[in-house]
S.K.: 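I have a structure here, written as structure tokens, and I will follow up with some questions on it.
Chain letters run A, B, ... following the sequence lines, proteins first, then strands; residues in each count from 1. Scope of the values below: all heavy atoms of this structure, side chains included, with no hydrogens, waters or symmetry mates.
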Protein chains: 2
Amino acid sequence: MNTRTYSNTPSPTCDVRTRILTAAGERFAQFGYNKTTMAEIAKDCDMSAANLYRFFKNKLDIGSNLACACLDTKLLLVKNVVQQTQQPAAERLHNVVLQILSHTHNEWANNPRINEMVTAICDARLEIVNQYELNRHNLIVELLEDGVRRDEFSIPDVQDTAEAITTAITLFSVPLFMSLHNLETFEKRAKSVVQLMLSGLKKR
Amino acid sequence: MNTRTYSNTPSPTCDVRTRILTAAGERFAQFGYNKTTMAEIAKDCDMSAANLYRFFKNKLDIGSNLACACLDTKLLLVKNVVQQTQQPAAERLHNVVLQILSHTHNEWANNPRINEMVTAICDARLEIVNQYELNRHNLIVELLEDGVRRDEFSIPDVQDTAEAITTAITLFSVPLFMSLHNLETFEKRAKSVVQLMLSGLKKR
DNA sequence: ATGCTGAACATTCAAGATAATGTTCAGCAT
DNA sequence: ATGCTGAACATTATCTTGAATGTTCAGCAT
């Protein structure tokens, strides 16, 4: 008669985690990670602070989950550009770099609190940013290999080249630098960098 | 080189300025900028703290002069590499990048105090780092133009390309990043970046 | 006049006290 | 048994205040 009311990963529990993350995310975005207390998050979820610890190891763990989600979003943007397979690889590389720049600049300008949170969490949990970098590296590898496959690019060592590209666009990936110039200046620079890289990658 | 805009006073005064800078430099290197007091610098020079203000506007001004000197040293290293005109431009570009990396890493590892001072001063006086960047940009322009003149390079826009190169080696220029990897990893990356850039610059 | 100083003043730093927050857990309610 | 809480405890942040330091200037010595 009754359908099963529980499972291996009980859905109520998942729901609660999501509710907590949503509440915490809103607080963090509005007031920052440090200024948000566990008690406040708990109140938003109509529960006690102690109860939060049944779903997350601690505050940093909540922050880490949110930071991961932010980085995943960032990654998804890049992925979407890379997988526009109807476009030439060269154009996609160009778009990837400008996408990364525009996202970094945008977050820095419009969501400073979230940005501050991501930075703080990544400071405390280096593996998160490592994972993100690795994933982004793999996306660039995918793009380069596709370019080679299509005879657009000629690349001796794809791994090395992907690393070189990642390194070369550091300025556009680190929020800290965003205060140095306005977006137009950055875009001009990004285009110069892409042009320089492409002239080295293209097959002739 | 950074122009000294601070004084055109006679040579005995310059001597005192030099003595003060030397004393301050030693203290800053050993104890850091913040932990060094004007009174201590003054005592090292057998004078009163008040007398320091006859030669420098304030403590930051002393720090600025020393920071400029550090950046001038850095610049001189690059200049020396660029002006090894018996070497191919490509090789010189390679050496410039590795020189910058090695110097950044070395200062970070061996002179953390001085490094901290330069960073602090540059935070307070952005024009110092701007001047340094401009000078370095010009050196790279010089190198690129030389490469073009010798028919090694083919470069549509030297200014843009020099900017692109400066941008692409950000990771190797900023002390803050030095904690991310060990020197070998950085050198490997630097070589990849140089190779990528060179394959774009070289005439074929 | 010139070069310098000691003392005064303004600002920053640091140590200790206090409050706020993060975390844990025994125990209550269902 | 399970889910949750209030209270206790540990850690971290904030505030306060005296001391240290940066800076200025009237006045002394040459």
Side-chain angles (χ1 to χ4, degrees), chain A residues 2 4-21 23-28 30-67 113 116-117 119-121 123-125, chain B residues 6-21 23-28 30-67 113 116-117 120-121 123-125:
Chain A
N2 275 340
R4 293 182 53 174
T5 54
Y6 56 85
S7 66
N8 278 345
T9 318
S11 78
T13 300
C14 281
D15 258 7
V16 175
R17 279 182 62 96
T18 307
R19 267 174 55 217
I20 294 173
L21 287 176
E26 281 168 14
R27 290 254 173 208
F28 291 167
Q30 193 165 2
F31 307 107
Y33 177 77
N34 286 320
K35 296 283 184 194
T36 297
T37 72
M38 293 296 270
E40 287 165 346
I41 298 171
K43 192 155 62 166
D44 290 349
C45 302
D46 294 310
M47 61 178 67
S48 69
N51 201 37
L52 294 174
Y53 290 84
R54 291 187 47 246
F55 301 92
F56 294 94
K57 194 163 133 268
N58 50 32
K59 187 180 176 184
L60 188 66
D61 191 27
I62 297 179
S64 299
N65 272 273
L66 287 167
R113 300 259 177 220
E116 165 196 316
M117 179 196 82
T119 306
I121 302 297
D123 273 356
R125 296 196 45 188
Chain B
Y6 300 98
S7 166
N8 52 1
T9 35
S11 77
T13 301
C14 281
D15 252 11
V16 176
R17 281 179 61 95
T18 307
R19 268 173 54 217
I20 294 173
L21 287 176
E26 281 169 14
R27 290 254 173 206
F28 290 166
Q30 194 165 2
F31 307 107
Y33 176 77
N34 286 321
K35 295 284 182 193
T36 297
T37 72
M38 293 295 270
E40 287 165 346
I41 298 170
K43 191 155 64 167
D44 290 349
C45 300
D46 293 311
M47 62 177 68
S48 69
N51 200 36
L52 294 174
Y53 290 84
R54 291 187 48 246
F55 301 93
F56 295 93
K57 191 163 135 271
N58 50 32
K59 188 181 176 183
L60 188 67
D61 191 28
I62 297 178
S64 299
N65 272 272
L66 287 167
R113 298 257 177 222
E116 167 196 314
M117 178 196 83
I121 302 297
D123 274 356
R125 300 198 42 189

S.K.: Pick the closest DNA chain C nucleotide for A:Lys57 and for A:Glu40 by heavy atoms, then say which residue is nearer the 5' end.
M.R.: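 Comparing both residues, the 5'-ward one is A:Glu40.
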S.K.: So what's C:dT30 paired with, Watson-Crick or G-U wobble, going by both distances under 3.5 Å?
M.R.: D:dA1
S.K.: Would you mind telling me which of C:dT5, D:dT23, D:dG6 lies closest to the side-chain atoms of B:Ser48?
M.R.: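 So the side chain of B:Ser48 is nearest to C:dT5.
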S.K.: Only pairs with both distances under 3.5 Å count, Watson-Crick or wobble alike; so what is the partner of D:dA10 in this structure?
M.R.: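 Paired with C:dT21.
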S.K.: With rounding to the nearest 0.5 angstrom, report the CG to CD1 distance, A:Asp44 to A:Ile41.
M.R.: 8.0 Å
S.K.: According to a strict under-4.0 Å criterion, is B:Lys35 in side-chain N/O contact with OP1 or OP2 of C:dA14?
M.R.: yes
S.K.: Between A:Leu52 (CG) and D:dC4 (P), how many Å, whole number?
M.R.: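 A:Leu52 atom CG is separated from D:dC4 atom P by 11 Å.
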S.K.: Give the rounded distance in Å between these two atoms: CG of B:Leu60 and P of C:dT11.
M.R.: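 So the two atoms are 17 Å apart, to the nearest Å.
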S.K.: Atom CD1 of B:Ile20 to atom C1' of C:dG3: distance rounded to whole Å?
M.R.: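 Answer to the nearest Å: 13 Å.
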S.K.: On DNA chain C, check which nucleotide each of A:Asn58 and B:Asn51 is closest to and give me the residue with the more 5' one.
M.R.: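 Looking at DNA chain C, the more 5' nearest nucleotide goes with B:Asn51.
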S.K.: Can you figure out which of D:dC4, C:dT23, D:dT24 approaches the side chain of A:Arg54 most closely?
M.R.: D:dC4
S.K.: Please round to the nearest 0.5 Å and tell me the distance separating atom CG of B:Asn65 and atom CD1 of B:Ile121.
M.R.: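 The distance works out to 10.0 Å.
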S.K.: Say you draw a straight line from CD1 of B:Ile62 to CZ of B:Phe28; how long is it, rounded to the nearest 0.5 Å?
M.R.: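 Interatomic distance, B:Ile62 CD1 to B:Phe28 CZ, rounded to 0.5 Å: 6.0 Å.
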S.K.: Could you state the NZ-P distance from B:Lys59 to D:dT24, rounded to the nearest angstrom?
M.R.: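 Value for this atom pair: 14 Å.
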S.K.: Can you tell me how far C1' of D:dG22 sits from CG of B:Asp61, to the nearest Å?
M.R.: 14 Å
S.K.: Can you tell me how far the OG1 atom of A:Thr37 sits from the NZ atom of A:Lys59, to the nearest 0.5 Å?
M.R.: 7.0 Å
S.K.: To the nearest Å, how far apart are A:Met38 CE and D:dG6 C1'?
M.R.: 16 Å
S.K.: Without decimals, in angstroms, what is the distance between B:Phe55 CZ and C:dG3 C1'?
M.R.: 8 Å
S.K.: Taking atom P of D:dT21 as reference, at what distance in whole Å does atom OH of B:Tyr33 sit?
M.R.: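 Distance, rounded to whole Å: 14 Å.
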S.K.: Under 4.0 Å between a side-chain N/O of B:Tyr53 and OP1 or OP2 of D:dT23, yes or no?
M.R.: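 For D:dT23, OP1/OP2 do have a side-chain N/O of B:Tyr53 under 4.0 Å.
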S.K.: Select from B:Ala39 and A:Asn34 the residue whose nearest nucleotide in DNA chain D is closer to the 5' end of that strand.
M.R.: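 The residue whose closest nucleotide sits nearer the 5' end is A:Asn34.
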S.K.: Report the nucleotide, chosen from D:dT21, C:dT5, C:dT24, that has the shortest atom-to-atom distance to any side-chain atom of B:Thr37.
M.R.: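 Of the options given, the side chain of B:Thr37 lies nearest D:dT21.
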S.K.: To the side chain of A:Ala50, which of C:dG6, C:dT24, C:dT23 is closest?
M.R.: C:dT24
S.K.: To the nearest 0.5 Å, tell me how far A:Ile20 CD1 sits from A:Met38 CE.
M.R.: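 Nearest 0.5 Å value for the CD1-CE distance: 8.0 Å.
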